[in-house]
Number of protein chains: 2
Amino acid sequence: MVTLAEVAQHAGVSASTVSYVLSGKRSISANTRQRVEQSIRELGYHPNAGARALASSRSNIIALMIPLRTDMYVPVMMEIAIAVATTARTHGYDVLLLTGEEGPDAVRRVTGSGLADAMILMDVELDDERLPLLRDGGAPARAKPRVGDHQPSVLIGLPADTAGLTCVDLDFKATGALCVEHLAKLGHRDIAVIGEAPAVYERHTGFAERTLDGLRLRSQELGMRLLHRPCEGGYDAMAVTLARIFDERPSTTGFVVQNESAVEPLLALLRQQGRAVPEDVSVVAICPDQVATQASVRLTSVSIPAQEMGRHAVRQLVAKLDGHGSDEVVLIAPELTVRASTGPAPSATH
Amino acid sequence: MVTLAEVAQHAGVSASTVSYVLSGKRSISANTRQRVEQSIRELGYHPNAGARALASSRSNIIALMIPLRTDMYVPVMMEIAIAVATTARTHGYDVLLLTGEEGPDAVRRVTGSGLADAMILMDVELDDERLPLLRDGGAPARAKPRVGDHQPSVLIGLPADTAGLTCVDLDFKATGALCVEHLAKLGHRDIAVIGEAPAVYERHTGFAERTLDGLRLRSQELGMRLLHRPCEGGYDAMAVTLARIFDERPSTTGFVVQNESAVEPLLALLRQQGRAVPEDVSVVAICPDQVATQASVRLTSVSIPAQEMGRHAVRQLVAKLDGHGSDEVVLIAPELTVRASTGPAPSATH
DNA sequence: GTGAAAGCGCTAACAA
DNA sequence: TTGTTAGCGCTTTCAC
């Protein structure tokens, strides 16, 4: 294994010079820099991560905690994780993968050991037990965050109380509003919302409730009627839910779906009942683009900006680590893409 | 930040004693151990990861490289990643998440810097450019693997040449055979195989080809006729493929599907054509259990043992790191679960 | 612009 | 069973 000292000797300079060439923390003459870089290449030198971490009390590692239970839509989590990893690399950080299994202990362990300089938490519960450990963590008061400080952290998703926390999420309230507006413009007046499973509303309710707020508020403002029905995924549950909806409100012409595993069943059932999409009913989905484009009808949808959330979280974190403050809560503006599943309300065409 | 020295002082022992209490590498009197553990708890001590890595040249980190392109079925990758992370923790390791983006450089970087003690690679290409760096890596020749050695590594999946490599994978050949046998027992004689997209066969062909080998060999032995058709996912592609199959071989009564995104389209199309599953045709899938159980017909399937592969990979790696040798190639035996999509061949019931 | 040297916190000989 | 101590390889003050 090649050490910095060996590089120094080979280049005929001191160890500190090599170190400074690497870190760029003081100016080096072009000549010296070249010789050092040459030696580094010739010897195939790689700085030792442990030594670096010890001397600088910076590991250049970001911990990413992903939830164990996979009732969140998995591909989205994966996309976020990958975006986090690649973005982190562009800032010189590696990513440590933590599962929710250890719970708060993982936070303490990683924090206490200096294994990671900062953490990103996905799928935070509304009242998560890890939050107290994170609150006001990483306030950029000191120039150089030290091992054992509260770790700078960013949450992907919003807990109930965001005080002292930095969070990134899609603006679900605006998302709900956007869906309603789109349907309103097309002349729809009676809208049904197919929501997540009831359990979701009870548990990490955050995003589901916020979407509903947006849907309700905007539909009220626009004088539309809204029917909201949570729904377990799958054909059977969807069949029951759909029957009830048309039973209760036969005039329904617009659907908003926020539940990946209900999307295809809904489309299949509508087809089966002879209701054409978008001629008879329109469907707007809140889901990843992949789901929207690969469904049996190409769906008008508001996408979940997984990549953007991952990237954003890393940037916020890096800003904190560099001592720049950063916003508390960042809500990403939703974008609605019109595809083949929405059209003018039937009555509007008569 | 609490250091080992402070713990030592607080407990009235030497630093090395504390260290040995932690590592268990030498016997400690019950009394001393208690005092030390007490101090650790009182002071809230966490060993510093960097210092540890430097002194021991062991980071206790396993790197997991996941592919960037997501044409593999994402939830399976995620499940493997999570299994790797949780299993690693039970062995005292953390997991560093690397994306394929950096390519071979990531291997060098992690290897050279001692960031990780070992690596797990997912979705290896048949002739992957990272393999040379890994071959014969981590042969447990020396007692203590040192930074800068070739890293011990385990591949999930099989490259073309496994010499000097440790690999874990499902036994896809046996999987193919198993599917055929199941259909044979039910009296099916004409079988169609819906495969992965053509690109998959061209690229990281490994598992797809091996499955096909098993299917062909066993069907030949059992005197069955086999038609194999690669298929892009989605309804349209599936419709074309299915039409061709029945066109070419109207007597087809059994299907084997190895393509997650073809499963639901296949079922929908069969339904649409008035072919009942399993009364008219039987369908066996090779896919994750989740897909099999959530499809519109509960599918008889051979599952992809994601968790088991992840767990296995970690165990192999830990064995290597501990100096125990380990097998070169581990093929996990397939298991077929009978569900509602397979039944006696129609002719057999006449 | 460069060098010398003092640690960073821990592990693992070597001693006792 | 326990203590002493010399590093591990790097960063960073301090000095020139």
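Chain naming here is simple, since letters A, B, ... match the order of the sequence lines and numbering starts at 1 in each.
Applying the 4.0 Å criterion to OP1 and OP2 of D:dT4, one finds that B:S14 has every side-chain N and O outside that range. Dashed line: the shortest gap from a side-chain N or O of A:R52 to OP1 or OP2 of D:dG9 is not under 4.0 Å. Listed pair A:T17 / C:dG3 meets the phosphate criterion, a side-chain N or O lying under 4.0 Å from OP1 or OP2. Distances shown here put a side-chain N or O of A:S19 below 4.0 Å from the OP1 or OP2 atom of D:dT11. Here B:Y20 does not reach the OP1 or OP2 of C:dA13: none of its side-chain N or O atoms lies under 4.0 Å away.
The side-chain heavy atoms of A:I40 and A:L22, taken from C-beta on, include a pair separated by under 4.5 Å.
The nearest whole Å value for the distance from the CG atom in B:N48 to the P atom in D:dC10 is 16 Å. Summarising the geometry, the separation between CG on B:L4 and P on D:dT4 is reported as 14 Å, rounded to the nearest angstrom. In this structure, CG of A:L54 is placed 12 Å from C1' of C:dT11, rounded to the nearest angstrom. One atom, CZ of B:R35, and another, C1' of D:dG3, lie 13 Å apart when rounded to the nearest Å. One interatomic measurement links the two molecules: CD of B:E6 to C1' of C:dC8, which rounds to 13 Å at whole-angstrom precision. Between the CG atom of B:L22 and the C1' atom of C:dG9 there is a distance of 12 Å, rounded to whole Å.
Side chains of A:S14 and A:T17: a donor-acceptor N/O pair is present below 3.5 angstrom, by distance only. Side chains of B:Q38 and B:E42: a donor on one and an acceptor on the other come within 3.5 Å. No donor-acceptor contact under 3.5 angstrom links the side chains of B:R33 and B:Y20, judged on distance only. When only modelled atom types and interatomic distance are considered, B:T32 and B:S29 share a side-chain donor-acceptor pair under 3.5 Å.
Within the 4.0 angstrom heavy-atom criterion, base atoms lie near B:S16. Across all strands, B:V18 comes closer than 4.0 Å to no nucleic acid atom at all (heavy-atom distances).
The stretch residues 23-34 of chain B touches DNA chain D through B:R26, B:S27, B:I28, B:S29, B:T32, each having a heavy atom within less than 4.0 Å of the strand.
For the pair B:R58 (side chain) and B:L321 (backbone), a donor-acceptor distance under 3.5 Å is present.
Every residue two or more places apart in sequence or in another chain that forms a salt bridge (Lys or Arg N to Asp or Glu O under 4.0 Å) with B:R130 is listed here: B:D128.
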